[in-house]
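Just so you know, residue 1 is the first one in the sequence shown, and it goes up from there. Each ligand, and each atom within it, is numbered from 1 in the order the structure gives.
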Amino acid sequence: MKKVGILTGGGDAPGLNAVIRAVVIRLAVEKHEEYHCIGFIDGWAGLRDNKTVKLEAGKVDSILHEGGTILGTSRTNLYKKPEDVKKAVQNYHQLELDALVAIGGDDTLEIAYYLNRDEGLKAVGVPKTIDNDVMGTDFTFGFWSAVEQATQAIDDLRVTTTSHRRVMVIECMGRHAGWITAYTGLASGADFIAVPERPVHINDIAREVRHCRELGKAHAIVVVAEGASIGGIEPKPRVTKDANGGWKLSDKIERDSFGNVVLKPGEIAEAVATEIEKLTGMETRGIALGHLQRGGAPSAYDRILGTRYGLQAADAVIHGHFGHMVVLQGLRVETVPMKGMIRENQSEAKRYKYLPDSFLDMAEVFYG
Ligand code: F6P
């Protein structure tokens with residue numbers, strides 16, 4: 001009998017339960033070997049503190065449509081304290097685990113990679129995040145559900161915005177990359193989209209907003225990423241253009257234990273709304289969609305992608321492809337080495353998967 005541990009780390013994302021279900025059920029039906037699965041509670045904290053729960057095929061079969069994660073999650077960086085790594089490794093051996101499936105974003109995957117490379121733990125990674133900024137995979141599950149939620153919210157906001165002939169500034173999640181903002185902006189017919197990857201000035205937004213009025217539109221919809229780089233407002237943009245047409249990050253940024261930028265929800269929406277009202281004289285409101293974007297049931301796409309990832313991860317366990325992660329490349333789900341996908345020693349500009357410029361060019365066709 002072989003034993004496999006499963007954990008979910010980082011911010012939750014719709015589709016996590018689909019992955020857990022697929023891993024457990026795929027391993028339960030494996031003919032050549034008998035497997036049983038346990039889950040770690042609250043991500044890496046569960047492995048460090050030895051907090052586990054049994055995962056049985058019969059019980060997980062009905063969680064496919066549920067958002068969040070039945071295992072709980074946390075942003076625990078084991079590598080902040082050497083004793084935490086030691087405890088996690090000890091527990092892995094004491095529990096006599098034969099493999100560990102770590103489902104999470106770049107932070108969680110990075111820990112899985114180091115535990116495999118340096119401690120020999122048999123880890124397989126599954127990429128998750130609503131932000132869709134993990135390297136190596138076309139889409140992470142959770143992203144499309146977040147886009148659905150945010151698009152629905154903007155459709156609803158458009159009604160009140162039009163009635164009042166206002167400008168609405170809507171803030172979407174995305175600290176480092178503007179995937180949710182850009183896709184939601186395009187899906188909801190936004191009049192301006194501002195993301196971290198393409199620095200803009202508040203005057204650019206004001207010009208587009210005025211243009212909407214000139215065209216006779218009753219409203220203007222501006223969608224901004226929480227990490228958008230917008231000059232001419234406070235807080236100051238954390239991204240600025242450099243002399244070669246690339247971009248650089250300001251060094252005065254608050255960061256969490258993983259080095260992620262820490263942002264105050266609603267701050268940028270409020271700042272942009274205040275400035276737009278001043279510059280255009282048009283009544284403007286700001287709103288942050290915040291954690292609603294991570295809420296609700298997974299979309300059909302994310303249930304299917306999560307299921308495909310889970311099945312592939314279970315196969316990676318069966319075939320001994322440790323130190324690997326599963327990814328979507330085109331129409332295929334593949335298993336690739338984590339090395340190269342992980343941001344290990346990478347500069348900020350290479351850590352994340354950024355939105356391509358061409359996508360923003362396409363969205364601009366519809367401005368005003
Ligand atoms: O990691 C995804 C994410 O949803 C980001 O887009 C967002 O900035 C962050 O998590 C929020 O994290 P928390 O739930 O810890 O506030």
Let me see the working for Arg213 and Asp191 under salt bridge (Lys or Arg N to Asp or Glu O under 4.0 Å), right down to the final yes or no. CA-CA 11 Å; Arg213 210 29 70 88; Asp191 300 297; over 6 Å; no

Kindly indicate, with the supporting measurements, whether the criterion salt bridge (Lys or Arg N to Asp or Glu O under 4.0 Å) is fulfilled by Asp98 and Lys122. CA-CA 7 Å; Asp98 293 286; Lys122 294 178 178 173; 5.4 Å; no

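Protein heavy atom at the shortest distance from atom 1 (O) of ligand 1 is Arg175 NH2, 3.4 Å. Closest protein heavy atom to atom 9 (C) of ligand 1: Arg75 NH2, 3.5 Å. At the shortest separation from atom 14 (O) of ligand 1 among protein heavy atoms lies Arg294 NH2, 2.8 Å. Remark: minimum distance from atom 8 (O) of ligand 1 to any protein heavy atom is reached at Glu226 OE2, 2.6 Å. Among protein heavy atoms, the minimum distance from atom 6 (O) of ligand 1 is reached at Asp131 OD1, 2.8 Å. Taking atom 16 (O) of ligand 1 as the reference point, the nearest protein heavy-atom neighbour is His291 NE2, 3.1 Å.
Remark: His321 NE2 to Gln312 CD distance equals 9.5 Å, nearest 0.5 Å. Here OH of Tyr301 is found 12.0 Å from CD of Glu148. Values are rounded to the nearest 0.5 Å.
Surrounding CD of Glu83 are more than 12 heavy atoms belonging to other residues, nucleotides or ligands, all under 6.0 Å away.
Using a 30° and 60° split on the angle between ring planes, Tyr352 and His176 fall in the parallel class, below 30°.
Near Ile130, meaning under 4.0 Å from one of its heavy atoms, ligand 1 places the atoms 4 (O). Atoms of ligand 1 lying under 4.0 Å from at least one heavy atom of Met173, given by number and element, are 4 (O), 6 (O), 7 (C).
Within the structure, ligand 1 has Gly174 among the residues with a heavy atom less than 4.0 angstrom away. Using 4.0 Å as the threshold, Gln293 has no heavy atom nearer than that to any atom of ligand 1.
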